[in-house]
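What follows is a set of notes on a single structure, which appears directly below.
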Amino acid sequence: MSVIYLDNNATTKVDPAVVEAIMPYLTEYYGNPSSMHTFGGQLAKAVRTAREQVAALLGADESEIVFTSCGTEGDNAAIRAALLAQPEKRHIITTQVEHPAVLNVCKQLETQGYSVTYLSVNRQGQLDLDELEASLTGNTALVTIMYANNETGTVFPIEQIGMRVKDKGAIFHVDAVQAVGKIPLNMKTSTIDMLTMSGHKIHAPKGIGALYVRRGVRFRPLLLGGHQERGRRAGTENVPGIVGLGKAAELEMLHLEEATKREKRLRDRLEQTLLAKIPECEVNGDITQRLPNTTNIGFKYIEGEAILLLLNKYGICASSGSACTSGSLEPSHVLRAMGLPYTTLHGSIRFSLCRYTTEAEIDRVIEVMPEIVERLRALSPFKNDEAGWLQAQEQTLAHR
Ligand SMILES: *Cc1c(COP(=O)(O)O)cnc(C)c1O
């Protein structure tokens, strides 16, 4: 059975052209780009080309690109750098719906003498810019806010946020791991100071990413050692990964306009048909400001994990809004921050598409989902019994 992969916000298939670009750097060209000999020099040239390709995708200068090992490293490095550069400021602003790569750094910083404001979101997952404005003070070192949410696809008004941040003189970091390749970006006209991206979300391999650091922004490296990346990230370069990220960035630029249009059309068809065919379900997130490839749908009275297991039987890969931690069902922090009722909180499924998604794959999901939901609801003792469902959920949570 072939796999229908609709979990592209978790990771993506490596593009065959990316594999092809990488291969010589796993075999023939194994030199160290920092070496003096010509062999090393050939590697340095490959890294330079990749840096140009990534810079082009972001509308940045190549000197502003720092290669990292992943999106998580980019987020960690940006946050630490912003704080180290302004040791007198002790306040950070972020949101309740960030990726753990940001949230868990902020949580640790709270134990190290920093105060953190976690901005709330409304039922659509959107921020209140007045709350941001009210939170910004002269003591705010850093505002770190994601471009687009990985779970719901909700896109934040990043430039409007950035203008307010700049007014107060804080550094503005954006986790754009989900936005890169899906939304056109241009750092030349942006208010963003630092921006995180990750290779494996844009059809490059895992273990490579990049951090954009605007020229003039004071930067302190997370990793200390050699002089690689102009002293901003020590460690011998992951040349195959870097070459792959460069190629992937080039392909994203090439495909962005057409692919996102196509993904949006397929996503909308999937979403609208499911909403029409299945009673008691709704879309989570801001449907007007949203990534073109993502839909997160809440199916009342059933468990997302159960839906995933049945989808899996048909070879369909999706994701639930909740991260299953050691057998206990922990509802998603994103959906919880949005104030979703318990009845939908546990039954939410994310489908995330990519440029390889086909009409036939969408047809298949549309075909099987209604019967999966119906089957699970028939088994659910709480069908049409919101009170009973709530009580059972509360008991489950109490037992954890
Ligand atoms: C995947 C993801 C990350 C982490 O990137 P890795 O390369 O897996 O470390 C960070 N932020 C967002 C929004 C993501 O979707």
Side-chain angles (χ1 to χ4, degrees), residues 5-14 18 54 57-58 65-80 94-107 118-119 121 125 127 143-156 158 161 172-183 185 192 194-212 222-223 233 235 238 240-242 244-245 248-249 252 284-286 289-296 317-323 332-335 337-338 350-354:
Y5 190 75
L6 296 176
D7 201 10
N8 288 280
N9 288 10
T11 196
T12 59
K13 168 194 162 102
V14 181
V18 171
V54 171
L57 178 64
L58 301 181
I65 304 300
V66 180
F67 290 115
T68 61
S69 67
C70 59
T72 300
E73 185 193 326
D75 286 343
N76 274 258
I79 294 170
R80 299 284 176 184
T94 186
T95 79
Q96 293 177 2
V97 297
E98 296 301 305
H99 189 274
V102 167
L103 279 182
N104 287 336
V105 180
C106 289
K107 274 189 208 153
Y118 299 91
L119 299 174
V121 294
L127 294 168
V143 176
T144 172
I145 292 183
M146 68 202 326
Y147 211 120
N149 189 275
N150 44 305
E151 290 189 29
T152 61
T154 298
V155 174
F156 286 150
I158 284 299
I161 294 169
F172 187 31
H173 166 248
V174 173
D175 175 340
V177 171
Q178 291 296 342
V180 170
K182 298 171 191 153
I183 296 172
L185 299 173
I192 297 170
M194 290 191 269
L195 175 140
T196 301
M197 62 179 280
S198 172
H200 75 100
K201 306 282 173 85
I202 60 163
H203 304 289
K206 292 156 190 68
I208 186 69
L211 179 65
Y212 158 84
L222 188 64
L223 293 187
R233 202 277 186 181
N238 170 6
I242 289 170
L245 184 64
E252 289 297 324
N284 300 319
D286 185 346
Q289 302 298 320
R290 189 164 53 151
L291 291 175
N293 78 319
T294 309
T295 176
N296 187 312
C317 306
S319 163
S320 67
S322 45
S332 143
H333 72 286
V334 175
L335 301 183
M338 289 161 58
R350 176 188 73 192
F351 297 101
S352 46
L353 289 62
C354 75

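When a ligand or atom number is given, it counts from 1 through the structure's own listing order.
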In the protein, which heavy atom is nearest to [atom], and how far is it?
| atom | value |
| --- | --- |
| atom 5 (O) of ligand 1 | G71 CA, 3.5 Å |
| atom 9 (O) of ligand 1 | T72 OG1, 2.6 Å |
| atom 3 (C) of ligand 1 | H99 NE2, 3.4 Å |
| atom 11 (N) of ligand 1 | D175 OD2, 2.6 Å |

Measuring from L119:CG to Q96:CD, what's the distance to the nearest 0.5 Å? 8.0 Å

Rounding to 0.5 Å, atoms OH (Y212) and CD1 (I192) come to a distance of 8.0 Å

Between T12 and I202, is there a side-chain heavy-atom distance shorter than 4.5 Å? no

Does the side chain of Q289 come within less than 4.5 Å of T154's, by heavy atoms? no

At under 4.0 Å between heavy atoms, which part of E73 makes contact with ligand 1: side chain, backbone, both or neither? neither

Please state which part of S198 comes within less than 4.0 Å of ligand 1, counting heavy atoms only: side chain, backbone, both or neither. side chain

Side chains of [Y] and [X]: any donor to acceptor distance under 3.5 Å?
| X | Y | answer |
| --- | --- | --- |
| S332 | E151 | yes |
| D75 | T196 | yes |
| N293 | N9 | yes |

Taking distance alone, with N or O pairs closer than 3.5 Å, would you say [X] contacts ligand 1?
| X | answer |
| --- | --- |
| V177 | no |
| K201 | yes |
| N150 | no |

What atoms of ligand 1 come within less than 4.0 Å of a heavy atom belonging to H200? 6 (P), 7 (O), 8 (O)

